[in-house]
Number of protein chains: 4
Amino acid sequence: MSKDDGHLIGKFPALPKQERAHQKREALMESGRFLFISKGYESTTAKEIAAHANVATGTFYRYFSDKRQLLMSLLEDQLEKIMPPEPTWVHGDPEYLLATLLAKHSEDLNKLGLHRVLPELLPHDPELAEVITNARLKIHFMMVEVLEQAHQESLTWTDLDLDSVSWAIIAVLEKLPQKEAESGSKADYEKIAKVICRMIFPPEIIEQLQSGEKTL
Amino acid sequence: MSKDDGHLIGKFPALPKQERAHQKREALMESGRFLFISKGYESTTAKEIAAHANVATGTFYRYFSDKRQLLMSLLEDQLEKIMPPEPTWVHGDPEYLLATLLAKHSEDLNKLGLHRVLPELLPHDPELAEVITNARLKIHFMMVEVLEQAHQESLTWTDLDLDSVSWAIIAVLEKLPQKEAESGSKADYEKIAKVICRMIFPPEIIEQLQSGEKTL
Amino acid sequence: MSKDDGHLIGKFPALPKQERAHQKREALMESGRFLFISKGYESTTAKEIAAHANVATGTFYRYFSDKRQLLMSLLEDQLEKIMPPEPTWVHGDPEYLLATLLAKHSEDLNKLGLHRVLPELLPHDPELAEVITNARLKIHFMMVEVLEQAHQESLTWTDLDLDSVSWAIIAVLEKLPQKEAESGSKADYEKIAKVICRMIFPPEIIEQLQSGEKTL
Amino acid sequence: MSKDDGHLIGKFPALPKQERAHQKREALMESGRFLFISKGYESTTAKEIAAHANVATGTFYRYFSDKRQLLMSLLEDQLEKIMPPEPTWVHGDPEYLLATLLAKHSEDLNKLGLHRVLPELLPHDPELAEVITNARLKIHFMMVEVLEQAHQESLTWTDLDLDSVSWAIIAVLEKLPQKEAESGSKADYEKIAKVICRMIFPPEIIEQLQSGEKTL
DNA sequence: GATGAATGAGCCTTCATTCAT
DNA sequence: GATGAATGAAGGCTCATTCAT
């Protein structure tokens, strides 16, 4: 049904103008993403992106002021997808939950794929760096909050700095894609989840949580 | 005696030729390092490096076949400095030792500084990637070995996968410079060391080690 | 009609796109030819060719991958023009025919002009050398064939090696432009034709042919 | 005997200074000749020539103001060697004499080898061109004179322009090295000599000369 | 809006030439 | 005299960006 329903004749899609434009924009972004990931940001030229999206070079510049803006749009568009859903660790087996979370997060990142180009740019593009840092901070605060909550309930180690724990967890999280890229295979999320959990919970707490005695 | 005896003031260094050449090479490498770190590898031109080292463009090419080779030399020169000395965790307070190690490692990396450019290049330079991956693997194996040893002595958690622990530690280690770059200040090595140690040792073991009862 | 109808005066050519592109290519080739001839192949830069054709440097590279390719195109385009039409010496006054042929050939070469750059390149560009050698061989075989035919009819010297004769003729032919370049004036084609004819025909045969007694 | 007679100790030749200098100059010229011929004039760098002659780059410029001057010296030095000895065609079998001359000339040219680089330079170096043109003219006049002499004795064709004959002969002469370079083998000097002779002498004259009846 | 030819600044690299040692 | 490191102008080529159609 709707506008794409086969009433098309030949190669002239009868889409509303705005829709057509939107499609082109999308195509360019997708091409940009693909090429950035395949060959790196610097090595990808605007012309290539346009060609890959089957539009003329000039068209690129109608939709984006330059290569960088396309990247920014990619990020804006999809940064929220990186945001891990608030983990509900305290409601059940935290190791299992975390392993699931890791798998999901890793998959999301891979779908997005941009983590491969960011390192290339972050150090030299403050604005971009800020966007990313903010996203990271958001995750960090979210995680600290969760840890804090668990701390309130006396579920966590009492002698560890929650901020450092949170940061360490994020460090591990962010290194995951690299690990997988280097080894060429999926990481063993369960083992890693177990390690991460140990940073947070004493073993006996985890057992309690796993046995379901102590859910929120 | 004569004109070369060091009494000269001003711009006539009068060093032995080979020395002069070596100095120039060093100056170029230092300039390369500085500029790579400041403005990124791609954005740095051979001309700039030469200018920063106060030599002509052509001189750059006398000492290096190109920018990449300069980077490789930087790495070769200093990769061993990254190599953390084998930690002797089991001989004393592991938290203290690890904190010291973190501080030292972080400082080394910062002196080297290249960790900022590597991410930019690794995905697109297989040879370079291999060099780095090898170095990382070396650290990883070293760490696994140490953990294994501790494990033999029943010092470690018995339910954690040592390989994953090792990898997580390295992940944290490698994220340190980024953390410091983003926050603009030194990390709190002691708190982080504590978190890392928790991945390895049960708290009571750490206490034992700290009290010196159970050294190797 | 409207703005494209040719009534425009000034700088708006308004040709169909393809035509314009073709013209630009032509202009570049012509500029290349001119500059190669004037100042030599090596001494001519792509930038100069572009400037002479009133286009930007980059435009040169849209139409040609490099200087050499432009030269190759020049040759391909015009090599057939060098090919002398098969002479019909045996049908009439051979001296007159040959003189005409020489004049024509010389004029063609001069129009083309590339004979001035070829010597510079042939020894160091095997591919180019092959192209040229093939063209020369073609002429050689054509000439041998004609001589052979004349030989069949007992028109030629009986004691000369036709292959050597053919080669000598071509040598003379190819030296013509140089002779003219050095003296700065046209060669005396009739006198030279007479000399060449003497390499082929005994004088009495020529007389016969000239008197028309013995045409094919 | 003399200065080179074995009193040398180690690697310090006890040659008079001037001699040493002269040797270096010679070595540079020989290296230049070799490299010009192998890789072309333009593609040969001063540094290469120096390296090939086992001297430092700077030394090159002590003996020659630049690459071109080295070439000029090469020519000056050896141009006379190109000069064919005045042929004494009229004293014996002209075909035999000419064949010998061709062989000798060809060998000389090949020893010199510079005929390979001249075409690259002549069109764009008027001074050089003049040197060469003069040499050629000298040969031309020499040849015309000989022909004239033969003409006086009624040995030559009476209806051919001696100037054109002379020029044609030189054309053939100068194309010889190219022919040999292209075919990769020696030319058949006897056959070619026969053709050339036919441009000059009627067959019966040649027979006379060969039979020795009519020497000068 | 779309096109893609055109632009030209700027990068990489080479090499003739100089000059301090 | 000899050396060879240093110089820097200049050529080849790319690519982000513009603009006439």
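Quick note on labels: first sequence line is chain A, next is B, and so on, each numbered from 1. Please read these numbers as outputs of a predicted model, since none were measured by experiment.
- In this structure, Leu128(C) and Leu118(C) approach most closely via the heavy-atom pair CD2-CD2, 4.4 Å.
- Across the protein-nucleic acid pair, Glu42(A) atom CD and dA16(F) atom C1' stand 12 Å apart, rounded to whole Å.
- Stem regions annotated for DNA chain F: E:2-21 with F:2-21, counting only runs of 3 or more consecutive pairs of Watson-Crick or G-U type with both contacts under 3.5 Å.
- Looking at every heavy atom in both residues, Ala50(C) comes nearest to Thr57(C) through CB-CA, 3.9 Å.
- Contact of the Phe36(B) side chain with the Leu70(B) side chain is registered, since non-hydrogen atoms from C-beta on lie closer than 4.5 Å.
- Residues of residues 56-74 of chain B that place a heavy atom closer than 4.0 Å to DNA chain E, in numerical order, are Thr57(B), Tyr61(B), Asp66(B), Lys67(B).
- Spacing between atom NE2 of His22(B) and atom P of dA5(F) amounts to 14 Å, rounded to whole angstrom units.
- OP1 or OP2 of dA2(E) sits under 4.0 Å from a side-chain N or O of Lys24(A).
- Note: CZ (Arg25(C)) to C1' (dA5(E)) measures 15 Å, nearest angstrom.
- The nearest whole Å value for the distance from the CD atom in Glu48(A) to the C1' atom in dT17(F) is 16 Å.
- Smallest separation of non-hydrogen atoms from Lys67(C) and Tyr41(C): NZ-O, 3.1 Å.
- Nucleotide dG4(F) holds its P atom 17 Å from the CD1 atom of Ile49(D), rounded to whole Å.
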| query | Would Met29(D) and Phe64(D) satisfy side-chain contact (heavy atoms from CB on, under 4.5 Å), going step by step from the backbone distance to the final call? | reply | CA-CA 10 Å; Met29(D) 284 178 69; Phe64(D) 303 96; 3.4 Å; yes
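- One finds no side-chain N or O of Lys47(D) lying less than 4.0 angstrom from the OP1 or OP2 phosphate oxygen of dA16(E).
- Summarising the geometry, atom OG belonging to Ser38(B) is positioned 10.0 Å from atom CD belonging to Glu48(B); distances are rounded to the nearest 0.5 Å.
- Closest to the side chain of Thr45(C), from the set dT17(E), dG11(F), dT7(E), is dG11(F).
- The minimum heavy-atom distance linking Leu35(A) with Thr44(A) is given by the pair O-OG1, 3.4 Å.
- Taking CZ from Phe60(A) and CG from Asp66(A), the interatomic distance works out to 7.0 Å, rounded to the nearest 0.5 Å.
- The two residues Leu28(C) and Ala53(C) make their nearest non-hydrogen contact at CD2-CB, 3.8 Å.
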